[in-house]
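Report on the following structure.
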Amino acid sequence: MRRRKEVRILWNAKDAPWLPSGYGIVGKNMLPRFADRYGKKNVVIYAPVYVRDHNTVWNGMKVLGGQSLDYGESMIQSHWDNEHPTFLLHVGDWFPLRVVPDLAAQDKLLFVAWGPFDFLKLPEAMIQGVLKPAWRVVPWNEYSKAKFIEYGLKNVTNPIPLGVNTKIFYPVNRHEYPNTMRSLGFREDTYNILIAGANQRRKYWYEQLEGVSLFRKFYPDIPIRVYFHTHTSGDMDVQAVVHECGLNDLVIYPDQYTMSQGGMSEQQLNLIINCADVVLNCCLEGVGLWQLQAQASGVPVITMAEGPGPEYVSFGAEAAAMGVDYTQLGTKPIPDPVTVARALEHIYQWRGQRDTSAIDKTRVNFSWDKVAEKWFDLIENTLMPERDKHCLYVAPPSRRIKALGSSVMEID
Amino acid sequence: MTATLKIAWIQDMDPMVNGGGAELNDRAMILYGLKQWHDIKIIVPSYNISDLEHDYDLAIISNSTTFGTPYYDELERRKVPYVLFVHDAGPQLCRYRLLFPAEPRCKDVCYLRDRWRGYLQRSRLIIWLSSLHRRAWLYGYPDLKNHPYALVPSAINSFQFYDLHYERHGALAVNAGALYKGAENVAKWAAMHPEIKLTLVGGNPEGFIFPENVEIQGLISYAKMNELYNRHEYFVHLPANVGPFDRTCVEAYLAGCKLVVNKLVGATYWPQFKKGRTAVSDMCLNAPDRFWKAVIKAVNQ
């Protein structure tokens, strides 16, 4: 491998790696791998929201603080100038970036954007303005890659997906966890549906729950149970939506105090997934970690037909869109409750089954080791050979210049 | 009689308003051009780039880093010839405009070469401030060796800098407190001449440690510079990087100072320095005429 010692990464993700969010999980899994490869001193984490006005250390890696509640772009230039990284690796939501692309356009830093295109459409000016100055855009999946290219970007690499920790997410015999089953409201003779995700409007919970409601109407003799793993307050009054869909008697929520304190451990989440007969996560996600985690356990998933879902879900069903929603940024597909109900019907035949080919596919393609391998290849064989072309720090005068500078003369 | 031209003069800072060395130089060239009845429109890309949309016979791009390649593409698309009036190493030679290191990788590897080579080759003319300045550029772009060019010294107003016949003492250095301006070299020279008091005007922004015979002062207004030069016997200018021209040296020289310089001072590469102050004064006074003759010749080719 080329020039491994010279790689120095400034990691910029929305959440700090010690948080249980998706971004936190990415950091928790990728940063130690980068540190193993390039040295702990060469991986610097920028956690502007969670570390303010000071810096700290996480697993031997320096964590830089910010001074603002936003994405911390106000400190980026200073951190760049002080830490001298090879590049800034920005993870996830690239839409809010303003300063970083500006600095990149002025050749003051090099940034690599590792993120999704999780819309149907976005304003072209946004993509060009934010991502065109990036050194490279590394999409999370083929859907995102195709979209970035469609929007005229010439700096798009092959996808590097987010991964799943296959040491934590794997098949578990739910019969050995009757208490967990009971706490979720699940029984062996019920159709156990797990709905999981953030309480955000873009998840279209109403339409997904309406799909469950329709399934119940189609099949009144099939006892259904729903465990809805989310914060009950957020973008939506989830309990009101559940009530409107007539599912009050079926739905159980997690303990909200636990959710407010960081939620459950990944091990607990794996148990929850394994207790389910199906995971319903039917919206256009950037990656949909729940989908990957479910597939790693062989549990079927209902995913959105539009978007990257089909790339992750090989055991499950797809639901179609019934229309398009205009969000503040772009357009998203709205899941069609009828096709959600049909998907539930389709999966019912596999109730209680696990698919080993989905497990194997997820382990092979989406393990964090595999993700890291792809990064090492990109960094060492593509980025580093180009890095020399960009002199981002002032080089001292060459010997020839020094020689001219040392010959002093007097002119009268 | 030469036909007058409609010219877009592109600069990052309005030379009729701002007072840096490059702007002073541009102002002199523009005023001379206006006297020749050329219609010159100053375009500051961050302010009035939309004025580029008018019809021009020529664009002169002077000291602009914000006028990026898309704008050059636009000029070429509209078949507007352009002249590059370069004041330092930027933006095409080195992104560190005053700190060009001239390393081998500058020639072979730097990403700027691929980005800018075509535009430089398609320019009608490149104007440098001295032969040293041109040599630095040819190090990065050896293929420009046969490209049309002109060497034009800075248009320093010799009526502003002249010998007042004051009593002179000690040495003067201006803005030499930064490493790239040669703080180390100046300190070394001062240490080798402890008997000479060196006044360093312009502050010591990097906190460099100078010998005891160096006195550091703050900024002085441009209007008072002639008097300042006239009170000193020596003017010390020992930059650490290539100086395209270094007008303070010429100002001090015209004001009667003996120059203590190294081989990185572009102005001293002009042969007039071997002929004395009158020749240097004439050289600077004639700079605008030299500039416009070169530009008109390039346009008419």
Side-chain angles (χ1 to χ4, degrees), chain A residues 2-3 6 77 80-82 84 86-87 98-99 101-112 124-125 127-129 131-136 152-155 382-412, chain B residues 65-66 68 91 94-96 98-115 132 135-136 139 179-180 182 184-186 188-189 192 233-243 249-250 252-253 256-265 267-268 273-274 276-277 280:
Chain A
R2 296 178 58 162
R3 306 179 65 182
E6 297 174 38
Q77 178 80 81
W80 178 274
D81 290 342
N82 278 287
H84 290 218
T86 312
F87 63 95
R98 294 292 174 269
V99 174
D102 213 32
L103 292 172
Q106 296 174 55
D107 296 319
K108 288 182 177 171
L109 55 75
L110 289 171
F111 90 99
V112 174
E124 187 176 337
I127 295 168
Q128 291 288 328
L131 292 181
K132 190 177 170 189
W135 190 16
R136 286 296 193 281
L153 291 180
K154 307 263 186 269
N155 51 353
T382 301
L383 300 183
M384 288 308 286
E386 279 185 31
R387 183 63 177 82
D388 261 352
K389 294 189 175 196
H390 299 265
C391 218
L392 292 172
Y393 310 104
V394 179
S398 61
R399 250 183 277 169
R400 130 198 332 246
I401 298 282
K402 278 189 187 144
L404 290 173
S406 61
S407 60
V408 179
M409 54 193 180
E410 222 176 272
I411 299 175
D412 189 357
Chain B
T65 56
T66 58
C94 183
R95 55 187 303 268
Y96 301 104
L98 298 165
L99 298 167
F100 176 55
E103 295 179 324
R105 55 203 293 261
C106 297
K107 198 187 323 193
D108 306 324
V109 170
C110 179
Y111 74 104
L112 290 173
R113 305 294 162 257
D114 287 338
R115 182 187 289 189
L132 175 68
R135 208 201 301 179
Y139 183 81
L179 276 175
Y180 83 92
E184 246 179 54
N185 294 336
V186 170
K188 217 184 279 182
W189 184 88
M192 282 167 56
E233 184 179 358
Y234 296 97
F235 183 78
V236 179
H237 191 68
L238 301 167
N241 289 81
V242 171
C249 282
V250 178
Y253 183 70
C257 291
K258 294 175 192 168
L259 294 183
V260 176
V261 291
N262 59 22
K263 288 187 178 173
L264 290 172
V265 179
T268 61
F273 267 90
K274 290 189 180 138
R277 288 177 173 80
V280 171

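Convention: sequence-line order gives letters A, B, ...; per-chain numbering from 1.
Atom NE2 of A/His390 is separated from atom CG of B/Leu112 by 9.0 Å, given to the nearest 0.5 angstrom. Distance check, rounded to the nearest 0.5 Å: CE of A/Met409 to CG of B/Leu259 gives 9.0 Å.
Side-chain atoms of B/Arg115 and A/Asp107, non-hydrogen and from C-beta on, do get closer than 4.5 Å to each other. Side-chain contact between A/Lys402 and B/Leu264 is absent, with no heavy atoms from C-beta onward closer than 4.5 Å. Considering only heavy atoms from C-beta on, B/Tyr111 stays 4.5 Å or farther from A/Glu386 through its side chain. For the pair B/Arg95 and A/Gln106, the minimum side-chain heavy-atom distance is 4.5 Å or more.
Nearest heavy atom pair, residue A/Pro396 against residue B/Glu103, reads O-OE2, 4.2 Å. Between B/Asn262 and A/Gly405, the shortest heavy-atom contact is ND2-O, 3.0 Å.
In this structure, the portion of B/Asp114 lying under 4.5 Å from any heavy atom of chain A is its side chain and not its backbone. Within the 4.5 angstrom heavy-atom criterion, only side-chain atoms of B/Asn185, from C-beta onward, approach chain A. Neither the backbone nor the side chain of B/Phe235 comes within contact range of chain A, judged by heavy atoms closer than 4.5 Å.
Annotation: B/Glu184, atom CD; neighbour count of heavy atoms from other residues, nucleotides and ligands within 6.0 Å does not exceed 12.
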Go through A/Asp412 and B/Arg277 one step at a time and tell me if the side chain to side chain contact (heavy atoms under 4.5 Å, CB included) criterion holds. CA-CA 9 Å; A/Asp412 189 357; B/Arg277 288 177 173 80; 3.8 Å; yes
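With chain A as the partner, the residue from B/Leu99, B/Val260, B/Val265, B/Val261 showing the most heavy-atom pairs under 4.5 Å is B/Val261. No other option in B/Cys94, B/Ala136, B/Pro101, B/Pro91 has as many heavy-atom pairs under 4.5 Å with chain A as B/Pro101. Ranking B/Tyr234, B/Phe273, B/Tyr139 against chain A, the residue ahead of the rest is B/Tyr139, based on heavy-atom pairs under 4.5 Å.
A side-chain donor-acceptor contact under 3.5 Å links B/Tyr96 to the backbone of A/Cys391.
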